[in-house]
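For reference, the structure discussed in these notes is given below.
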2 protein chains.
Amino acid sequence: MTSLKKEGEGMTSKADILRQLRNEILTLELKPGSILSETALSERFEISRTPLRDVLKQLAHEGYIDVYPKRGNLVSYIDLESVEQIIYLRSTLEKDMIKNLASHASPLPLRGVLELKEILERQEETIEQEQEHAREAFLRLDDAFHKALFTLAGRVFLWDLIQQSNAHYARYRRLHLLKKEKLKEILAEHRLILDSVIGRNGEKIDEIVQHHLHEDINAAYLSENFAEYLNLPSFDSSEPADRT
Amino acid sequence: MTSLKKEGEGMTSKADILRQLRNEILTLELKPGSILSETALSERFEISRTPLRDVLKQLAHEGYIDVYPKRGNLVSYIDLESVEQIIYLRSTLEKDMIKNLASHASPLPLRGVLELKEILERQEETIEQEQEHAREAFLRLDDAFHKALFTLAGRVFLWDLIQQSNAHYARYRRLHLLKKEKLKEILAEHRLILDSVIGRNGEKIDEIVQHHLHEDINAAYLSENFAEYLNLPSFDSSEPADRT
DNA sequence: ATAGCTATTCTTGTATACAAGACTTGTCAA
DNA sequence: TTGACAAGTCTTGTATACAAGAATAGCTAT
């Protein structure tokens, strides 16, 4: 409902193009393996190849596409190894951050806490909705919640750093069909986390965050159902170029 | 002693140019505030502006330069906020990783342990040397040690991720004059860490790593002695452009 | 002397022509 | 049929001309 102007893509800046392409890849509208040709895209967005290459460079840097020199740019296949690394990174960081927020003496900014509460309220609203975009909204609010946590801990810098390598994890999450029960569980865990922070109680944070983020990577399940999206060893296709 | 071919920079690839510029900024040979003009650099490296802009884009992404649209590219001032964030990130991660290595049951690959030992031996050699480049060698070996730890823990992915935002921390370290005593202390801590890993004893890791990485940011000292290198609030100079 | 305007000269941003590698296709020969 | 080779056609990589914003210098008018 936001910006589906395929026809007559008028007056789009580089930042807009980047956002749009990133979003199309993220939501799997552009499937892994799709070709992103510079000339094709430059015609679609009515812009020359030079600025468009900047956008593709950025996408490559974030891991959304792989560049094969003189051959083409492909939407990258989801790499479960990257996913696992990001989960470990976030899990370790967020455990520590939340425990600090919970146990530490520093006063919590009221505004930050209110923002977290509001996000959870909005997230609850999306659960009952059955539409397709409601699930997407839920995931966006999930990101918003965690980003707000980083902000509250004074670590939004690290959130942004992680986002730079989020291409695989973000798509990985969207591979799971999130049933209503699962959504409720996620929301409940968010509430537990928030309560820990507010109530100054970091007791069970380790287990909560571990379970909340881990969502154990079920490689077997994913391989069976989404093999064409994944970067599996079998698919060897001559490694992409180094990001110089 | 490696590549000081200012004259007749023959046959340099993009990757070489990137490495060279990054290195010159890293070692403070190019001081914060220095102008990196596209045309000047393209003449110096005998290459056109197009590939050179790619290199500058990369440097900007890593935080080495700030791009002011239509005005110019400046070597960034060292940002102590970024430094603190990276220290927190590394400290939290490395504590967890080392404790896992120490306490966990997974067998240690012999090759990795030997590599760590060899690095420490080479690091000890550099301590006694008084030359300027010996200090630089010590720092490179410091990086090598920590990278090897990440590798041993199966987390080299995260090491590489952190390196992408290392421009400020890397220069920050080089602001401190490392006296022989300090170097010995660092080496001793490395030995403690390695012993913990080998001896399966994660007892005091938290304090060791905390102290090892923290090297408390002495803002007052830095401001007094290196004000012209730092990104201080006073210097307001209209924010650089967003990395689109 | 100084405020304000204008032309100039920097800078980076964009468009486009051309270079060069990689792959495909088709022809021809064995 | 199958192989090799070559022409052609994709792709991205590079060079360069031009556009346009930003800063500066210098002029003019008050």
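- Here B:Leu36 lies in heavy-atom contact (under 4.0 Å) with sugar-phosphate atoms only.
- B:Glu38 places its CD atom 8 Å from the C1' atom of C:dT11, with the value rounded to the nearest Å.
- Under the ring-ring contact (aromatic ring centres under 6.0 Å, His included) criterion, B:Phe157 pairs with no residue at all, not counting sequence neighbours.
- Taking atom NZ of A:Lys57 as the reference point, atom P of D:dT12 lies 12 Å away to the nearest angstrom.
- For A:Arg140, the side-chain contact (heavy atoms from CB on, under 4.5 Å) criterion is met by A:Asn23, A:Leu26, A:Thr27, A:Glu136, A:Arg174, not counting sequence neighbours.
- Computed from coordinates, the B:Glu43 CD to C:dC10 C1' distance equals 14 Å when rounded to whole Å.
- Remark: A:Phe145 engages A:His190 in a ring-ring contact (aromatic ring centres under 6.0 Å, His included) (not counting sequence neighbours).
- For C:dT11, neither phosphate oxygen OP1 nor OP2 lies less than 4.0 angstrom from any side-chain nitrogen or oxygen of B:Asn73.
- Rounded to whole Å, atom C1' of D:dT11 lies 13 Å from atom CG of A:Leu56.
- In this structure, A:Glu43 has no side-chain contact (heavy atoms from CB on, under 4.5 Å) partners at least two apart in sequence or on a different chain.
- Atoms CD1 (B:Ile35) and P (D:dA23) sit 12 Å apart, rounded to a whole Å.
- For B:Phe150, the ring-ring contact (aromatic ring centres under 6.0 Å, His included) partners two or more places apart in sequence, or in a different chain, are B:Trp159.
- The distance between atom CG of B:Leu74 and atom C1' of C:dT12, rounded to the nearest whole Å, is 13 Å.
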Show me the protein contacts with nucleotides 14-18 of chain C, counting only N or O atoms at under 3.5 Å.
residue : atom : partner : partner atom : Å
C:dT14  : OP2  : A:Lys14 : NZ           : 3.3
C:dA15  : OP2  : A:Ser48 : N            : 2.8
C:dA15  : OP2  : A:Ser48 : OG           : 2.7
C:dA15  : N7   : A:Thr50 : OG1          : 2.6
C:dT16  : O4   : A:Thr50 : OG1          : 3.2

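- Atom NZ of A:Lys70 is separated from atom C1' of D:dT9 by 15 Å (rounded to the nearest Å).
- The backbone N or O of A:Ala137 sits nowhere less than 3.5 Å from a side-chain atom of A:Thr126 that would complete a donor-acceptor pair.
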